[in-house]
Amino acid sequence: MKSRGFVKALLLIAALIGTFYAGMRAQAYLYEDLCLDWGGGRNPGNYPICVIEKDTNAAVAQ
């Protein structure tokens with residue numbers, strides 16, 4: 001009986017870790033997709049930040 005409870009606890013821990021990892025991957029994908037939708041891109045060096053260049057000519061034209 002004790003081993004059955006131990007296996008259940010291990011499965012619960014593995015499920016929690018797997019869920020956390022899947023959530024982190026989904027959040028990273030959505031962040032990058034939103035960044036690309038805004039017209040930005042990733043910094044060279046693959047840093048996980050969104051870089052959007054400000055168009056200085058657009059402000060002058062108005």
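The model shown is predicted, which means the values in this text are computed figures rather than measured ones.
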Engineer: Measuring from atom NZ of K8 to atom CG of L11, what distance do you get when rounded to the nearest 0.5 angstrom?
Structural biologist: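 Interatomic distance, K8 NZ to L11 CG, rounded to 0.5 Å: 10.0 Å.
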Engineer: Can you tell me how far the CZ atom of R25 sits from the CG atom of L30, to the nearest 0.5 Å?
Structural biologist: 12.0 Å
Engineer: To the closest 0.5 Å, what do you measure between CZ (F6) and OG (S3)?
Structural biologist: 9.5 Å
Engineer: For the residue pair L16 and F20, establish whether any side-chain heavy-atom pair is separated by less than 4.5 Å.
Structural biologist: no
